[in-house]
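Right, one structure below, let's go through it.
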Amino acid sequence: MSIGRSRSLARYACPSEAVCRRELVAGVVSWRRDVGPGHDGPAGVGGGRGWAMVRISGLRTAVGRLRRGWRPVLEATVAATVAWLLATRLLGHPQPFFAPAAALIVLGQARGQRIRRAVEVVLGVAAGVLVADLVVQALGPGSTWTVFTVILLTVLLAVAFGATGVTLVQAAVSALYLVVVAPPDGSLVPFRFVDALVGGAVALAASLLVDARRPLAPLVAEVRRTFDELAGLLGGIADALDDRDEAAALAALRQARGMDARVDGLRDGVLAAGEALRLNVRRRQHLGRLRSVDESIRQIDYAVRNVRVLARAGVTLSRLHTSAPAELGAALRSLAEAVSQAGAALAADLNGQEETADRHATRADESALAAVRAAGQLFGSTQTLPLAMIIGQVRATAIDLLRGVNPQDDAAVLARVDDALGLPPV
């Protein structure tokens with residue numbers, strides 16, 4: 001059977017997906033037997049060189065993942081090993097399985113949630129140990145009713161106290177371990193709780209050591225990436241409108257719809273930085289910076305939403321036969337500069353560079369108002385609906401940026417923006 005024949009069957013004559021797949025594989029095998037293993041196959045199939053390229057591509061992907069993720073792997077491995085050594089050599093526990101397990105569970109959580117997860121793991125183990133001990137004494141170890149009762153009571157107790165999934169699971173696993181695995185004399189009961197403490201403490205210590213030198217550095221990098229991407233998005237919308245390029249406008253809209261993930265990344269970064277600062281006693285005085293950044297992120301979230309609406313109106317405008325006014329491109333590029341300067345201000349503020357932060361904040365303020373003034377020149381009776389929507393979103397985004405980089409009274413911000421837009425005072 002030729003490959004063309006197999007494709008015809010797969011497309012038109014196969015009674016089921018499984019039959020189609022078998023026919024296609026048979027066609028490939030037949031083709032490779034006829035032409036030999038050293039030839040490249042048709043598009044999408046590949047021969048010897050084709051399969052080699054696929055393997056090389058997969059290897060490169062794996063190497064790239066390892067290059068990006070080797071630090072967490074090393075951190076978890078070392079922490080689990082240290083927890084095991086402490087439990088066995090220092091405390092003399094005979095089977096300290098849960099010490100490295102607890103360390104891995106805590107380090108498996110995202111930064112910013114590890115302190116909470118460590119407490120939940122310890123509480124879950126304590127609850128499981130308590131319930132299992134009481135049930136085993138009442139019903140005896142190893143029976144089906146004992147297992148049923150232990151699981152039911154442990155889960156009910158965890159739910160009653162509002163436990164999260166991690167606490168609930170750890171309580172149930174700890175209780176089951178004592179019923180099913182631990183010796184009947186219960187000699188391992190007190191060790192479980194101590195092992196959880198050891199594993200959680202080692203995990204938190206590992207987090208502290210990793211973030212000890214520059215606990216705010218990951219957040220600063222995330223701030224710069226987010227603001228640079230948002231500024232680039234606004235510049236891309238301006239270029240698409242200048243060129244009346246609908247495809248570019250649609251690409252900008254897709255990018256705008258993905259900006260929510262960036263804002264979520266900023267929020268996660270604030271949580272992670274806060275946890276790192278709380279673990280580092282010498283740097284806790286920097287927690288005040290995070291509060292101002294957290295407030296700014298809320299305004300940036302609003303700005304991202306406004307830009308998404310702006311991008312949607314930009315797609316509509318790019319479909320019209322008339323060219324976008326030059327003032328519109330100037331307004332969008334000024335707004336992009338304001339976003340870029342706002343990101344630089346927040347990054348400098350996190351690094352403790354107050355003068356630099358103030359300088360960038362002033363530039364962001366000036367660029368945002370310049371964007372509003374440029375958009376205000378288009379405000380008139382001849383504008384189209386998409387253009388009016390873009391002007392409105394330029395105004396809304398400028399307001400959110402001004403609130404984010406330099407907290408001001410809402411009435412003062414609105415007055416400055418509307419004055420730049422040329423609207424009469426209220």
Side-chain angles (χ1 to χ4, degrees), residues 68 109-114 116 211 215-238 249-277 286-315 332 335-351 357 360-361 364-365 367-368 371 389-390 392-408 410 413 417:
R68 293 188 299 270
Q109 306 302 316
R111 294 186 182 276
Q113 303 177 9
R114 292 180 175 179
R116 177 181 176 182
D211 298 328
L216 296 177
L219 177 58
V220 171
E222 188 65 32
V223 166
R224 287 173 174 161
R225 283 193 297 267
T226 301
F227 280 80
D228 287 346
E229 185 171 335
L230 185 58
L233 171 59
L234 286 166
I237 297 173
L250 286 169
L253 177 58
R254 286 192 295 269
Q255 183 182 356
R257 287 170 174 166
M259 284 300 300
D260 288 338
R262 281 296 189 191
V263 177
D264 292 339
L266 280 178
R267 292 195 178 99
D268 293 342
V270 170
L271 291 176
E275 181 178 79
L277 291 177
H286 301 316
L287 283 171
R289 300 179 190 171
L290 292 183
R291 299 187 185 97
S292 61
V293 172
D294 195 26
E295 181 63 28
S296 298
I297 290 174
R298 182 166 55 180
Q299 296 299 329
I300 296 307
D301 187 17
Y302 299 151
V304 165
R305 299 179 192 182
N306 292 328
V307 172
R308 185 163 59 244
V309 177
L310 189 155
R312 189 179 300 117
V315 171
L332 293 178
L335 196 59
E337 177 63 18
V339 170
S340 180
Q341 293 295 330
L346 281 181
D349 187 33
L350 285 170
N351 285 327
H360 285 296
D365 188 293
S367 297
M389 293 176 63
I390 291 176
Q393 294 308 314
V394 168
R395 173 184 178 274
T397 305
I399 290 172
D400 291 327
L401 285 174
L402 291 177
R403 288 171 174 168
V405 300
N406 187 16
Q408 306 170 53
D410 283 351
V413 171
V417 171

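Fair warning: this is a prediction, and the values are worked out from it, not measured in the lab.
- Put simply, the side chain of Val309 does not reach to within 4.5 Å of the side chain of Ile390, judged on heavy atoms.
- Contact between Ala398 and Ala368 at its shortest, heavy atoms only, is CB-O, 4.0 Å.
- Taking 4.5 Å as the limit, some side-chain heavy atom of Glu229 sits within range of a side-chain heavy atom of Met259.
- Side-chain atoms of Glu222 and Asp268, non-hydrogen and from C-beta on, never get closer than 4.5 Å to each other.
- Rounding to the nearest 0.5 Å places CG of Leu233 at 12.0 Å from CZ of Arg262.
- When all heavy atoms are compared, the tightest approach of Gly269 to Leu219 is C-CD1, 3.7 Å.
- Between Phe227 and Ile300 there is a side-chain heavy-atom pair separated by less than 4.5 Å.
- When all heavy atoms of Ile237 and Ala311 are compared, the closest pair comes out as CD1-CB, 3.7 Å.
- Here the CD-CG distance, from Gln299 to Leu402, works out to 10.0 Å after rounding to the nearest 0.5 Å.
- Ala338 and Leu401 get closest at one heavy-atom pair: CB-CD1, 4.0 Å.
- Shortest non-hydrogen contact noted between Ala364 and Ala342 is CB-N, 3.7 Å.
- Within the model, atoms CG of Leu234 and CD of Gln255 stand 9.5 Å from one another, a figure rounded to the nearest 0.5 Å.
- The residues Asp301 and Arg267 are annotated as salt-bridged, a charged nitrogen and a carboxylate oxygen being separated by less than 4.0 angstrom.
- Heavy-atom minimum distance, Ala371 versus Leu335: CB-N, 3.6 Å.
- Leu253 contributes atom CG, which lies 6.5 Å from atom CZ of Arg312 (distance to the nearest 0.5 angstrom).
- Contact check for Leu332 versus Leu310: side-chain heavy atoms found under the 4.5 Å cut-off.
- In this structure, the separation between CG on Asp260 and CZ on Arg308 is 4.5 Å, given to the nearest 0.5 Å.
- Distance check, rounded to the nearest 0.5 Å: CG of Leu230 to OG1 of Thr397 gives 8.0 Å.
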